[in-house]
Q: 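What follows is a single structure, and I will ask about it in a moment.
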Amino acid sequence: MTLAHIRSPADEPASYDPVAIERKWQARWEANRSNSPDLVAAPRPFYQLMMFPYPSAEGLHIGNVFAFTGNDIYGRLQRLRGHTVFEPIGFDAFGIHSENYALKVGIHPSELIPRNIENFRRQLRRVGLMVDWSREVDTTDPRYYKWTQWIFLQLLERGLAYKKKAAVNWCPFDKTVLANEQVIDGACERCGTKVEQRLLEQWFFRISDYAGRLLDNLGWIDWSESTKTAQRNWIGRSEGARITFPVVAPGGTEVPVSVFTTRPDTIFGATYLVLAPEHPAVEQIATADRAPDVRAYRERAAKQDVVTRKVTEKEKTGVFTGAWAHNPATGEPIPVWVADYVLMEYGTGAIMAVPGHDARDFEFATKFQLPIRRVVAGPGEGGGTPVDSAAEGDGTIVNSAQFDGMSVSDAQREITSWLVSAGKAAPVVNYRLHDWCISRQRYWGPPIPVIYCDECGIQQVPLADLPVLLPQLDDFRPDDSGVSPLARAADWYRVPCPECGKMARRETDVSDTFLDSAWYFLRYPSTEFDDRPFDADRTKRWLPVDSYIGGNEHAVLHLLYTRFITMVLHDMGHLDFEEPFRKFRAHGMIIRDGAKMSKSRGNVVNPDEYIERWGADAFRSYLMFLGPFEEGGDFRDQSISGVRRFLDRLWMSVQEMTGGGDPDPGVMSKLHQTIRKVGDDTERLSYNTAIAAMMEYMNGLRANERTPHRAEVEPLVQLVAPFAPHIAEELWEQMGHDRAGGIFHAGWPVYDPALVVEDTVEIVVQVNGKLRGRIDGSRDMTAERARELALSDDSIARFVTGTPRKVIYVPGRLLNIVV
RNA sequence: GCCGGGAUGGCGAAACGGGUAGACGCGGAGGACUUAAAAUCCUCUGGGAGUGAUCCCUUGCCGGUUCGAAUCCGGCUCCCGGCACCA
């Protein structure tokens, strides 16, 4: 169904006109600087952070509006509860995304991005967010990225930034470096050419040094469990042992090769060794007759792109080195192979293969006819039971000399300490987390602020010379040199060495966008300071962030990098906290027609159309009503009329309400229940049920065309305020409240516990657990009384034959008679 | 393969320490108002049987615990998301 089929309510003189009201209140908030709190004097600061958007050319996405509205409601609730709420926003405008789009349309990003940002601002303002626009952050602003560069230098100074060679994806046709996401089935997403691997010198951050702490803190931070689990998996802690195998190299020399294993208990079953193709010992140990094959295999592996290299279900390949190692447990000689199923980046880049008890080793051993030995016997199995598939389960140790008969867990401990005391092994903890590569061979990013001097080596750009401005390059296309387009700007990169003054060369790579976004929340409260990234007093008052809400697609990268940078700055004494966000909640995703919204599917929703037709208040409320905020939901444009009707009825209630006489006691009781429920639900982000509760109250308020009383309506307008702020302000003003303050200074209604409880309640009567009737009674009546009442009702009594065996009574709820 | 999250009417969903399954909304049917339509308001709306009060069935499937299970336990099936040759 298209929009044209849905009609909005007809215009009547006194009817609700969202367009006019929203324009009026947005202008007034801006004129009064209502959303710019005094950051210095705030008595009860509350920092409500939303993940800043990447300003795409397509404009604001429905998912952005959903996320920001959910943030805004929470921030507005805190404001109504008396906090000084700071709700900033900014733009994550550097990065390959913007750059690729600029390349496609042939407009320079320095022109395109400000245009997109302007469009985003326009769209965002219409949503009615409580955003402090005076503190906007733009990562492409030199006043911002000066400090991104400063952070790089801080890490460099502390030895947490270093250079090493690493593989990148390279498209030989487009002659450009590709991100992993741009490689589809081993081919370039643009031209389909087979992607290769290239080794480039790149900058890394030692995030792996922080793996243990990043993992441990997950134990206490108040974050969505799903996000914490994702981080735990990503960090990937495993406990095991490093075991050294002596390898006999050609000429008889012994070369020690260490492996990492989580199963030292299976060492008696280790029947061969495998080294990664890049392992430095390979060259040394390969025998003369095997060397050509080994070299050919390594070259083939080196050419493969980074993505397919790691694809699973790939046929195992490998090559024998000709060398033999000694199993340190049995002393027997075992062959040494090279295979690309072993990765240089993990563990030691070498494994002991236990084909009897590891699926990958089993597959490899079967293919190359290597010996397979059982060392763990499951139920009903013995040492002689043949192994027909890798047995990774629990069992009893066999074929392992003095350790036979032990359980796997006992053997794990005993064999490790036996090897350790013999000097052949050490217990180690390994993490899957790799160091963070921050180099990008691209144009649209902050230049990495170092200078290479032939005399003095790597030099930091002095603080006084920051920012290193990104030069305006008309031709910013990546080229086949394997370095950034900035490497073509000789007049930019040729600079004197800050140490000796001789001609030197700037680093021409730029840094990863995730570095821009790893610290932006520190900048917001301090945007007016040009001589420091974040002011100490401001930071003390406002940080860590009180509430952060964002998409779980950032569960590992952004949210992990941010924690890492915060820890580093803490350790250097710049911050007095080491976790950036007190509370983080992941919101769900909005889909449409059961699928992710995308241009190719043609199911993208443009928020502008909906805001024009229904009003921002209705649009906001609908997005929050369509499903649980933390789960997301399916966008259907039919259903928006329901919340719009609710707002119309709210409007009418204020126009019609009377001030005379007393409010209805039943309605007032329901009101206080509603105040409690809306407060509780909003606090735990259960926005859909909060709105449902207000609708339910409205139904009672206007039942049988009754005229509502002012005392019944006024608190409802307050409850609606976080969700639909414009109409709430307007009605609040119409009700004659102080113009200067507005509804967001009026506080949050407080419920009266005495009014929440109803005296007479309906009690459900069951016979043998089946519903047979209902009785009305007081909340605290006795079981005997309830039973009497129930049995006096014939439609219940006829199911009760004879004397009840048992009676279960839940006061105020249920009576169950068992016969 | 591993780790999360799910599965409830025609549809989006609710039930927050086991206690009325389906709140709230959409859609649908009927009615009031209107020359008429829209808007608005009222009634009904999980399925089945019955004239009827009423009865039976129903939360992906199978089983269990319990006076009582959407909820707890065991075993499956399917869907969505993330990670993935991590030793």
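All chains are named by letter (A, B, ...) in the order of the sequence lines, taking the proteins before the strands, and each is independently numbered beginning at 1.
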Q: Does the A:His357 side chain pair with the main chain of A:Val376, one donor and one acceptor, at a distance under 3.5 Å?
A: yes
Q: Mind checking if A:Val818 touches a base, just sugar-phosphate, or nothing, with heavy atoms under 4.0 Å?
A: sugar-phosphate
Q: Would you mind classifying the nucleic acid contact of A:Arg684 as base, sugar-phosphate or nothing, using non-hydrogen atoms under 4.0 angstrom?
A: base
Q: Between B:C24, B:A14, B:A87, which nucleotide gets closest to the side-chain atoms of A:Thr689?
A: B:A14
Q: Across all strands shown, which nucleotide pairs with B:A69 by Watson-Crick or G-U wobble geometry, both distances under 3.5 Å?
A: none
Q: Hey, what's the ring geometry for A:Trp223 with A:Phe584, parallel, tilted or perpendicular (30° and 60° as the breaks)?
A: tilted
Q: With a 4.0 Å cut-off on heavy atoms, is A:Leu626 in touch with a base, just the backbone sugar-phosphate, or nothing at all?
A: sugar-phosphate
Q: Roughly how many Å apart are B:U71 and B:G6, using the P atom of each and rounding to a whole number?
A: 14 Å
Q: Could you tell me how far B:G60 sits from B:C56 if I compare only their P atoms? Round to whole Å.
A: 22 Å
Q: Determine the Euclidean distance between corresponding C1' atoms of B:U77 and B:C62; express it in Å to zero decimal places.
A: 11 Å
Q: Please verify the inter-ring angle class for A:Phe635 with A:Tyr622; under 30° counts as parallel, over 60° as perpendicular, anything in between as tilted.
A: perpendicular
Q: Return the pairing partner of B:G4 with a 3.5 Å limit on both distances, Watson-Crick or G-U wobble; otherwise return none.
A: B:C80
Q: Fit a plane to each ring of A:Tyr341 and A:Phe364, take the angle between them on a 0 to 90° scale, and name the class: parallel (under 30°), tilted (30 to 60°) or perpendicular (over 60°).
A: tilted
Q: Both distances below 3.5 Å, Watson-Crick or wobble geometry, any strand: find the nucleotide opposite B:A14.
A: none
Q: Can you check whether A:Arg645 has a side-chain N or O nearer than 4.0 Å to OP1 or OP2 of B:C26?
A: yes
Q: Identify whether any heavy atom of A:Lys677 sits under 4.0 Å from a base atom; if not, whether one sits that close to sugar-phosphate; answer base, sugar-phosphate or nothing.
A: base
Q: Which one, B:G4, B:C85, B:G68, comes nearest to the side chain of A:Asn816?
A: B:G68
Q: Take the protein atom CD of A:Glu705 and the nucleotide atom P of B:C42, then report the distance between them rounded to whole Å.
A: 6 Å
Q: Measure CZ/A:Arg706 against P/B:U40 and give the value in whole Å, please.
A: 21 Å
Q: Please state whether the phosphate of B:G25, meaning OP1 or OP2, lies under 4.0 angstrom from any side-chain nitrogen or oxygen of A:Asn699.
A: yes
Q: Take atom C1' in B:C16 and the same atom in B:C11, then report the distance between them in whole Å.
A: 25 Å
Q: Taking the side chain of A:Ile808 as its heavy atoms from C-beta onward, which of B:G19, B:A13, B:A23 lies nearest to it?
A: B:G19
Q: If I pick the P atom on B:G50 and the same atom on B:A36, what distance separates them, to the nearest angstrom?
A: 39 Å
Q: Could you let me know what B:G74 is paired to, Watson-Crick or G-U wobble, both distances under 3.5 Å, or none if it's on its own?
A: B:C62
Q: Please give, in whole Å, the distance from B:G12 C1' to A:Ile590 CD1?
A: 11 Å
Q: May I ask you to say what A:Arg649 touches in the nucleic acid, namely base, sugar-phosphate or nothing, with a heavy-atom cut-off under 4.0 Å?
A: sugar-phosphate
Q: Would you measure the distance from the P atom in B:A69 across to the matching atom in B:G19 and give it in whole Å?
A: 11 Å
Q: Starting at CG of A:Leu559, measure out to CE of A:Met51 and round the result to the nearest 0.5 Å.
A: 4.0 Å
Q: Give me the ring orientation class for A:Tyr561 and A:Trp436: parallel if the planes are under 30° apart, tilted from 30 to 60°, perpendicular past 60°.
A: parallel
Q: From C-beta outward on A:Ser226, which listed nucleotide comes closest to its side chain: B:A23, B:A87, B:G4?
A: B:G4
Q: May I ask you to evaluate whether A:Asn688 reaches the phosphate of B:A14, defined as a side-chain N or O under 4.0 Å from OP1 or OP2?
A: yes
Q: Rounded to the Å, how far apart are A:Asp681 CG and B:A23 C1'?
A: 12 Å
Q: Mind checking the P distance from B:G48 to B:C67? Whole angstroms is fine.
A: 35 Å
Q: Give a yes or no on whether a donor-acceptor pair under 3.5 Å exists between the nucleobase atoms of B:G81, that is its base, and the side chain of A:Glu553.
A: no
Q: Does A:Arg702 make a side-chain N or O approach to OP1 or OP2 of B:U40 shorter than 4.0 Å?
A: no
Q: Please give, in whole Å, the distance from B:A69 C1' to A:Leu771 CG?
A: 15 Å
Q: Does any nucleotide pair with B:G22 by Watson-Crick or G-U wobble geometry, both distances under 3.5 Å, and what is it?
A: none
Q: If I take atom OH from residue A:Tyr431 and atom OG from residue A:Ser238, how far apart are they, to the nearest 0.5 angstrom?
A: 9.5 Å
Q: Rounded to whole angstroms, how far apart are OH on A:Tyr431 and P on B:A87?
A: 14 Å
Q: For nucleotides B:A7 and B:A13, find the distance between their C1' atoms and express it as a whole number of Å.
A: 13 Å
Q: Think A:Arg772 has a side-chain N or O under 4.0 angstrom from the OP1 or OP2 of B:C55?
A: yes
Q: In the strands shown, is B:C41 matched to any nucleotide by a Watson-Crick or G-U wobble pair with both distances under 3.5 Å, and which?
A: B:G31
Q: Can you figure out which of B:C3, B:A23, B:G27 approaches the side chain of A:Asn233 most closely?
A: B:C3
Q: Quick one: is B:A87 close enough that its OP1 or OP2 comes under 4.0 Å of any side-chain N or O from A:Ser238?
A: yes
Q: Ignoring hydrogens and angles, tell me if any N or O in the side chain of A:Tyr210 forms a donor-acceptor pair with the backbone of A:Arg563 under 3.5 Å.
A: no
Q: From the list B:A14, B:C24, B:C67, which nucleotide is the closest neighbour of the side chain of A:Glu696?
A: B:C24
Q: Should B:G60 be called syn or anti, with syn set as within 90° of 0?
A: anti
Q: What's A:Arg813 touching, base or sugar-phosphate or nothing? Going by heavy atoms closer than 4.0 Å.
A: sugar-phosphate
Q: How many angstroms lie between OG in A:Ser226 and CG in A:Asn552, if you round to the nearest 0.5 Å?
A: 4.0 Å
Q: Scan A:Gln766 against the nucleic acid and name what it touches under 4.0 Å (heavy atoms): base, sugar-phosphate only, or nothing.
A: base
